[in-house]
Amino acid sequence: AEQASGSYNYDQQGKDWEGTCQDGLQQSPIALSSSQAIVTSARRIAFYNYDETLQSPLVMTNNGHTANIVLPPTRNGQRPYINGGLLPGTFEAQSAHFHWGSSSSKGSEHTINDNRYDVEIHIVHKNLRYSDKTVAEASEYWDGLAVLGVMLRAVNRVLSPHLGLIGIFNQLPQIAQYGSSTNLTGRYSAQQLLASVNTNHFYSYNGSLTTPDCAESVTWTVFGEAANLPRRHISKFWDLQDSREQSLVNNYRAIQDINDRPVYYIPK
Ligand code: BO1
Ligand code: ZN
């Protein structure tokens, strides 16, 4: 049942969701496995301006396939950016969005040691080399984009709940309808999207966008540690609607073949 709901049927979506995925050998997501990955001691990922307050307004939109947050520059006029790890350059944060399941199924795109988590946060970055290009244009290059993946686990009780993400999730009912947007209230930094996971422990590989056209332009970094969030906040995703007023749930793509790609693993 999980496989069926996860094999995202693009044909059932509205016209904003047209397109098909290319049939390449470097598609995403994949099943990440610590025993099959190449253990390496890569550099840490270095985060810049991640703890700086982002300019307002910070807008979250229901675009029919996810809740998308466009990341503005910080109050000092710079964007959050990253380098190090296995990244082929320096990459500036552009947007963030989420993949989720439903009340009866989990929704992360990648799996880690056969575990599928409840939510996967994607923070989309664009290579500084392509600063005069859009995200869509940069996706035509193998080194165009870098996406950070953060796993969330729905739990009944959380000792120290993650207030930044909870603030965002509390505003999800305001974008229940396709095409609606809301200004996030309160102060946010890009850091809050990392949910306090240990960013020195991650998987990295070359892959693709997980939505059409699935361009093979992404250096993926998926953190190995999941963060716990109250289920009552995660469940707010399940009330969003797509362009046909259908329930917007299970918006994750099926697992793709690794095809002999090296997957690197930086253990704790
Ligand atoms: S994902 O992180 O692999 N799920 C992913 C999938 C598709 C996009 C980004 C990340 N697409 C891009 C579009 C851009 C758009 C941007 C907004 O999303 O190519 O045109 O500006 O987030
Ligand atoms: Zn995504």
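Bear in mind the structure is a predicted one, so any value in this text is a computation, not a measurement. Whatever order the structure lists them in is the order used to number ligands and atoms, beginning at 1.
Looking only at its N/O/S atoms, His97 has NE2 as the one nearest to the Zn ion (ligand 2). His122 contributes ND1 as its N, O or S atom closest to the Zn ion (ligand 2). Among the heteroatoms counted here (N, O or S) of His99, NE2 is the one nearest to the Zn ion (ligand 2).
For the pair Leu58/Ile69, a side-chain contact is recorded, criterion being any heavy-atom separation below 4.5 Å from C-beta on.
In the model, Ser217 has no side-chain atom that pairs as donor or acceptor with a side-chain atom of Trp142 under 3.5 Å.
Ring pair Phe98/Phe169: centre-to-centre distance below 6.0 Å. A distance below 6.0 Å separates the ring centres of Tyr130 and Tyr141. When ring centroids are compared, His110 and Tyr205 come within the 6.0 Å threshold.
Although no hydrogens or angles enter the test, the distance criterion places a donor-acceptor pair under 3.5 Å between the side chain of Asn251 and the main chain of Trp100.
Closer than 4.0 angstrom to ligand 1 by heavy atom are Asn68, Ser95, His97, His99, Glu109, His122, Val124, Val135, Ala136, Val147, Leu209, Thr210, Thr211, Trp220, sorted by chain and number.
Using cut-offs of 30° and 60° for the angle between ring planes, the Phe223 and Phe47 rings count as tilted.
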